[in-house]
Amino acid sequence: MAYDRSNIFARILRGELPCKRVYEDDYALAFHDINPLAPLHVLVIPKGEYVSMDDFSATAPPEAVAGFFRAAGETARRLGVVESGYRLLANNGADANQEVAHFHVHIFGGAPLGRMLNKIEAR
Ligand code: AMP
């Protein structure tokens, strides 16, 4: 799947759309989700053009991968959720309901989050 530069997160990175920024460095930008599903719900996106976790893990250079995950960890520290705990999640493709085709991880926290997923039966 080719990267589409008109996706919402690309527009946020270019400054064409606003965001509530939590953290930014050379590798990543972290900002609050517009439709939070937990008391804290923040998205971390790489600055490079990657469609998905699959694309990022297969094609990003090692420094981009390391920089991205360091930025995700730093974001959680800045949110103050390391001690209380947090969840990091990436949706990849249709079965996971990925809505925005620019790789991102969600950070959830600020309250007990329950089990990781309700059990799903095979189709
Ligand atoms: P996903 O299903 O993993 O692709 O999640 C996409 C996320 O992006 C959803 O949780 C949306 O609420 C969030 N989102 C969509 N547009 C914006 C926006 N302009 N600013 C912040 N978050 C957004």
Side-chain angles (χ1 to χ4, degrees):
M1 185 183 182
Y3 184 84
D4 175 2
R5 290 192 171 150
S6 67
N7 78 72
I8 289 169
F9 295 168
R11 297 185 63 199
I12 287 175
L13 278 173
R14 290 196 297 269
E16 295 166 9
L17 291 174
C19 72
K20 279 175 65 186
R21 188 172 58 178
V22 175
Y23 176 73
E24 181 169 15
D25 64 19
D26 288 347
Y27 299 102
L29 172 67
F31 54 92
H32 288 275
D33 196 291
I34 205 167
N35 183 24
L37 299 176
L40 285 171
H41 182 175
V42 166
L43 302 170
V44 188
I45 69 176
K47 293 229 165 145
E49 298 181 344
Y50 305 99
V51 173
S52 63
M53 170 64 190
D54 182 61
D55 184 18
F56 185 68
S57 61
T59 68
E63 64 271 23
V65 176
F68 176 77
F69 281 99
R70 291 234 190 257
E74 179 60 21
T75 299
R77 285 188 286 277
R78 291 190 182 209
L79 290 168
V81 293
V82 173
E83 226 175 277
S84 51
Y86 65 92
R87 180 170 295 156
L88 190 139
L89 178 150
N91 291 317
N92 188 98
D95 274 358
N97 269 11
Q98 183 180 355
E99 289 172 5
V100 180
H102 179 113
F103 172 52
H104 53 282
V105 297
H106 300 252
I107 293 177
F108 301 104
L113 298 169
R115 293 194 59 177
M116 130 174 106
L117 197 66
N118 289 325
K119 190 172 179 190
I120 312 277
E121 301 303 328
R123 58 175 149 223

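What you see below is based on every heavy atom in this structure, not just the backbone, and it leaves out hydrogens, waters and symmetry mates.
In summary, the side chains of Ser6 and Asp4 do present a donor paired with an acceptor at a separation below 3.5 Å, with no hydrogens or angles considered.
Residue pairs meeting the salt bridge (Lys or Arg N to Asp or Glu O under 4.0 Å) criterion with at least one member in residues 103-123, sequence neighbours excluded: Asp95-Arg123. Note on residues 13-33: pairs passing ring-ring contact (aromatic ring centres under 6.0 Å, His included), not counting sequence neighbours, are Phe9-Phe31. Sorted by first and then second residue, the side chain to side chain donor-acceptor pair (under 3.5 Å) pairs with a member in residues 98-114 read Tyr3-His102, His41-His106; sequence neighbours excluded.
Arg77 is linked by a salt bridge (charged side-chain N to carboxylate O under 4.0 Å, His left out) to Glu74, counting only residues two or more places apart in sequence or in another chain. Qualifying salt bridge (charged side-chain N to carboxylate O under 4.0 Å, His left out) partners for Glu16, counting only residues two or more places apart in sequence or in other chains: Arg11, Arg14.
No donor-acceptor distance shorter than 3.5 angstrom exists from the side chain of Thr59 to the backbone of Phe56, with no hydrogens or angles considered. Asn92 places a side-chain N or O within donor-acceptor distance of the main-chain N or O of Asp54, the cut-off being under 3.5 Å.
Between Ala111 and Pro39, the shortest heavy-atom contact is CB-CG, 3.7 Å. Pairing each heavy atom of Leu88 with each of Ala72, the nearest pair is CD1-CB, 4.2 Å. The two residues Asp25 and Ala71 come nearest to each other via the heavy atoms OD2-CB, 3.7 Å. Val42 and Ala30 get closest at one heavy-atom pair: CG1-CB, 4.1 Å. Nearest approach of Val44 to Ala28, heavy atoms of both residues: CG1-CB, 4.1 Å.
Val65 and Ile107 end up in the same hydrophobic cluster when Ile, Leu, Val, Met, Phe, Trp and Tyr side chains are linked at under 4.5 Å. A continuous path of ILVMFWY side-chain contacts below 4.5 Å connects Phe68 to Met53, so both sit in one hydrophobic cluster. A continuous path of Ile, Leu, Val, Met, Phe, Trp and Tyr side chains, each step under 4.5 Å between heavy atoms, connects Met116 with Ile120, placing both in one hydrophobic cluster.
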From CA spacing to verdict: side-chain contact (heavy atoms from CB on, under 4.5 Å), Tyr86, Leu113: CA-CA 8 Å; Tyr86 65 92; Leu113 298 169; 5.5 Å; no
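Atom CD1 of Ile45 and atom CD1 of Ile12 lie 6.5 Å apart (nearest 0.5 Å). Within the model, atoms CG of Leu43 and SG of Cys19 stand 9.5 Å from one another, a figure rounded to the nearest 0.5 Å. Put simply, OG1 on Thr75 and CZ on Arg70 are 13.5 Å apart, with the number rounded to the nearest 0.5 Å. In this structure, CG in Leu40 is found 14.0 Å from CZ in Arg87, a value given to the nearest 0.5 Å.
Hydrophobic cluster membership for Ile34: none, as no Ile, Leu, Val, Met, Phe, Trp or Tyr side chain comes under 4.5 Å of it.
Remark: aromatic rings of Tyr50 and Phe103 are distant, center separation not under 6.0 Å.
Other residues, nucleotides and ligands place no more than 12 heavy atoms under 6.0 Å from the CZ atom of Arg5.
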